[in-house]
Each structure stands twice: as structure tokens, then as C-alpha cells.
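Notes follow once the structure below has been shown.
Just so you know, residue 1 is the first one in the sequence shown, and it goes up from there. Hydrogens, waters and symmetry mates are skipped; everything else that's a heavy atom, side chains included, is used.
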Amino acid sequence: MDGGKVTVGRTAGLYIGAAVLRLAIFTLLPGLPDLLTGRVEISTPVTSFKRLQEGLFLYNHNVSPYDGGVYHQAPLFLPLFSLLPNALSYPIFTYLLYIAVDLLSASALWKIADSGEAGSSAQFTSPRREKRWSGFVIAAAFLLNPFTLATCIGRSTSVFTTCAILHAIAKAVSGAPFGAMVALSFASYLSMYPLLLLPPLLLLCYDRQRPDRADKSALSFAATHVPVVFGVLALLFGMSYLITGSWEFLPSTYGVQLTLSDLTPNVGLWWYFFIEMFDSFRSFFLAVFWLHLSCYVGGLTVRIRRQPLVVLTLLLGIFAIFKPYPSISDTSLFLGLVPLYRHVFPLMRYTFVIAAVILYASFLGPAFYYLWIYAGSGNANFFYAITLVWGLGQSLLVCDLMFAVLRDEWEVERPEMVGKEIRQI
């Protein structure tokens, strides 16, 4: 009884503390939200709160929100934010919405951590699985991560995608495949790229299904649940059509991501490359970049079949690097899942280098952007160079985590190699 009270008290304390911290920043530093909203590290053309306000203004004045080519986000955001009082006169309601979404994300991450799936899946059990952090620690790390805080204060709509992805994984590890498919549908509707998570998420759902349904084959399980995703997406598209009165939202939201028609700078690798691209080669390299982003899904899903949660984590790290419009919100989601693998941290080789590179890019990124845009003493190469360093740091983390997970599997298969150094020749 006392243990349960302590757990409830810790949970409430964490959520209340995280909410109070965010609310204090919103209210005590009233200029900070607008400052962060304009930062390219936080806001992208498909997640910007300022662009959402522009679309909302047009929507409330019976004009298509996609006129003018500014608003590139999902239509369902418009009625949601229309229900809130005027964001300029009563911003507290918008603040509370973003705080609530962050807390819901942390709650889903806590469930994932407590499931123990990271260290002991249906087909693989790590001998190091006892070395793990509690759900409280992992949720606290996520809520207090500066990238998560900055994204919340900057009011990027990517927080909704993060919440949907985490709830999809949480439902999967809880043995609720239908809920996982619905949550993934919402995430895909908001940002499109989460649809690539469908194969490993299906495997995770299949591995965690209830015992009374374990007699289903993987193919029949997929045939049952894949239509749920596309059915919910069709329903969401239909609702979007009713809201906007046309299918104009399709090219204005998903088309912009597929064709990269808005070349606003961000922390990704696409924008500068396509600024310099000759138009005659643009279609070819768009196909190459999208093929590169999607080709990891099949390879990782097959190679690390026994640990689908690892595949989901690695893919989210890859998306944070190579998707068309990444932001620090994508990095915060990936970093929120990395502590689940505390048991393989001793097998990672470059933790200091990774931390140093990410911190280096985090501090110098805003400085280089200032030199380019405001001081006029630099050019686009300054900022793009530091985004390459940022991508390098995340790439090292993805590769090192994958090495550690595969080494853990290999040592189970080859116990005589435990603790021995491996050298590549």
C-alpha cells in the first residue's frame, strides 16, 4: 500500500513539476515563445506555429487556409485551435494544450519503459536486461530534455506527432494492436513519415499479442491490421475534405514534403542541397533522397527482427537526420527512447564523442545562423556546415546504438566472446 502511494506521489510530482516549469517559462518570459517560434531549429514549414496562425486566420475568415502557400499542415489543426480562445488575447489556453500533450507523451514513454520490451522481447532476452532505468527516470529525462522544452515553448505542432508515435508504441507493447494502428494513423496523417514505421510496429504488435490470439500467423495478423491504418487515414482525409471543401490540402501538406517546394533553412540535409540543384536533376535526386530514407525500413526490420522496438528507435533516429524537414523535436523523440537501452550502454564505443559533437552543434548552430542572417558576416555555408555536424552526431549515436544491440545479440549466440574485444581488419 505504502509503495503504491509513493509511486503515485512520484508520478504526480513529476507531471506537476514539468507542467509548472513550462507554465513558468511561458508566463515569466513572455517574449520567449515568439522568439523560439521563429527559430529554424524548432519550427519548419510543416510544423511552424506562426504558419498555423496564418492558416487559422484565413480559415476563420472563410478563406482557404492553403491560399498563399504559407500553411502546410493538417486541416484538422484548424478546428482544434479554433476552439481555443484568441491566441493573442488568451495565450494561456494554447500553453496548457501544449503542456498537456507533452505530459501525454511522457506518460506513453513511461509505459514503454515499464513494459521491459527494450531488454526482453518475445524472441530475445538480453543477459543485461536487469540494468535498466525505471519509467520515472526515463519520463523525467524526456520532460526535462532542453530540446523537448524548447519545442513545447516554441509551440511546434510536431509535439502532436511525437505524442501519437509514442502512444502507438505504448499500445503495441501493451498488447493493443488496434489502438497502435489508430495512433500510427494519426501520426502519419499529421506528418506522413511515421507511415514508414508500420512494418516494425506490426511485428511489435504481433510479438506482444494476447495469448488467446497467438495462433495467428504474421501474414494473417498483418492482413487484419494494415487495413485499419488505411481505413483510419481515409476517414481523416474525408474529415479534412469536409473542413476545407476541397482536396487542395493534399498537395499543400504531403505534396510539399514529397517535392520539397519550400526551401526554408532547417537543421536537415535537404534544403541546401536542393537550393544548389539544377532543375533538370531535381526530380531524380528527390527520388534518390526519398528512396534513401525509406530503404532503412526493410533492412533493419529483417536484420533485427527479434527486437522490433530497437528497429523503431533506430528508424526514429534516422528520420531525425534524413527526413525533409527535421527539427530538434525529432531529436528529442529519439533521445527520449535511447535511455530504454541502458543495458547496452557499456557496449557503446563513442559516447563521449557523440555527446561532444551534439553539444558542439547545439551551441554553434544558433551562432552560425546569426552570423549568416543577422550579422551578415557569413553565408549559407556557415549554417549548413554546422547542420552537417549535427547530423554527424546523430548518425554516430544511431550507429553506436545499433552496434551495441547487435553485439548484445551476438554475445548471447557466442557466450565465449563475452568481454572480448573485436577488431575489424
Any side-chain heavy-atom pair of [X] and [Y] under 4.5 Å:
X: S134; Y: R10; answer: yes
X: Y360; Y: L392; answer: no
X: L36; Y: E41; answer: no
X: F142; Y: T162; answer: yes
X: Y98; Y: F160; answer: yes
X: R282; Y: F274; answer: yes
X: L300; Y: P200; answer: no
X: V137; Y: P339; answer: no

Kindly compute the distance separating [atom1] ([X]) from [atom2] ([Y]), expressed to the nearest 0.5 Å.
X: F49; Y: S158; atom1: CZ; atom2: OG; result: 13.0 Å
X: K171; Y: I169; atom1: NZ; atom2: CD1; result: 13.5 Å
X: L315; Y: T301; atom1: CG; atom2: OG1; result: 6.0 Å
X: L388; Y: I321; atom1: CG; atom2: CD1; result: 12.0 Å
X: I138; Y: L109; atom1: CD1; atom2: CG; result: 6.5 Å
X: L293; Y: I318; atom1: CG; atom2: CD1; result: 8.5 Å

Could you tell me which non-hydrogen atom of [X] sits nearest to which non-hydrogen atom of [Y], and how far apart they are?
X: V101; Y: C163; answer: CG1-CB, 3.8 Å
X: Q73; Y: Y66; answer: O-OH, 2.8 Å
X: L104; Y: H167; answer: O-NE2, 3.1 Å
X: Y325; Y: Q257; answer: CE1-CA, 4.1 Å
X: L202; Y: F221; answer: O-CE2, 3.6 Å
X: A168; Y: A180; answer: O-CB, 3.3 Å

Q | side chain to side chain donor-acceptor pair (under 3.5 Å) partner of S191, chosen from D330, T253, T161 | A |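 Among D330, T253, T161, the one meeting side chain to side chain donor-acceptor pair (under 3.5 Å) with S191 is T161.
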Q: Run through T94, T47, D34 and flag the one making a side chain to side chain donor-acceptor pair (under 3.5 Å) with R155.
A: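 Going through the options one by one, the only one that passes is D34.
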Q. So among Y370, Y369, F368, which one has a ring-ring contact (aromatic ring centres under 6.0 Å, His included) with F383?
A. Y369
Q.
Run I354 and D400 through side-chain contact (heavy atoms from CB on, under 4.5 Å) and show every step you take.
A. CA-CA 9 Å; I354 292 167; D400 211 20; 3.9 Å; yes
(Q) Please identify which of these residues, T148, L14, L149, meets the side chain to side chain contact (heavy atoms under 4.5 Å, CB included) condition with L143. (A) L14
Looking at [Y], is its backbone amide N or carbonyl O close enough to the side chain of [X] to form a donor-acceptor pair, meaning the two atoms are under 3.5 Å apart?
X: E413; Y: W410; value: no
X: Y272; Y: P265; value: no
X: W133; Y: R342; value: no
X: S156; Y: T151; value: no
X: R129; Y: S126; value: yes
X: W247; Y: Y241; value: no
X: S115; Y: I112; value: yes
X: R51; Y: V70; value: yes
X: E117; Y: P308; value: no
X: S252; Y: F249; value: no

Q. Does a side-chain N-to-carboxylate-O contact under 4.0 Å join R407 and E411?
A. yes
Q: May I ask you to decide whether D207 forms a salt bridge with R305, counting only side-chain N to carboxylate O separations under 4.0 Å?
A: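 Yes.
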For [X], does the [atom1] atom sit with more than 12 other heavy atoms under 6.0 Å from it, leaving out its own atoms?
X: F186; atom1: CZ; result: no
X: K323; atom1: NZ; result: yes
X: F237; atom1: CZ; result: yes
X: R303; atom1: CZ; result: no

(Q) What verdict does the side-chain contact (heavy atoms from CB on, under 4.5 Å) test give for I153 and F26, after you've listed the backbone C-alpha separation in whole Å, the side-chain angles of each residue and the deciding distance to 0.1 Å? (A) CA-CA 7 Å; I153 304 303; F26 275 126; 3.8 Å; yes
Q: Walk me through it: do C399 and Y350 pass the test side-chain contact (heavy atoms from CB on, under 4.5 Å)?
A: CA-CA 10 Å; C399 293; Y350 307 116; over 6 Å; no
Q: Verify the distance criterion only: is there a donor paired with an acceptor across the side chains of T44 and N266 at less than 3.5 Å?
A: no
Q. Which of parallel (below 30°), tilted (30 to 60°) and perpendicular (above 60°) describes Y341 and H343?
A. tilted
Q | Test log, rule side-chain contact (heavy atoms from CB on, under 4.5 Å), inputs L316 and L197 | A | CA-CA 8 Å; L316 288 171; L197 300 174; 3.9 Å; yes
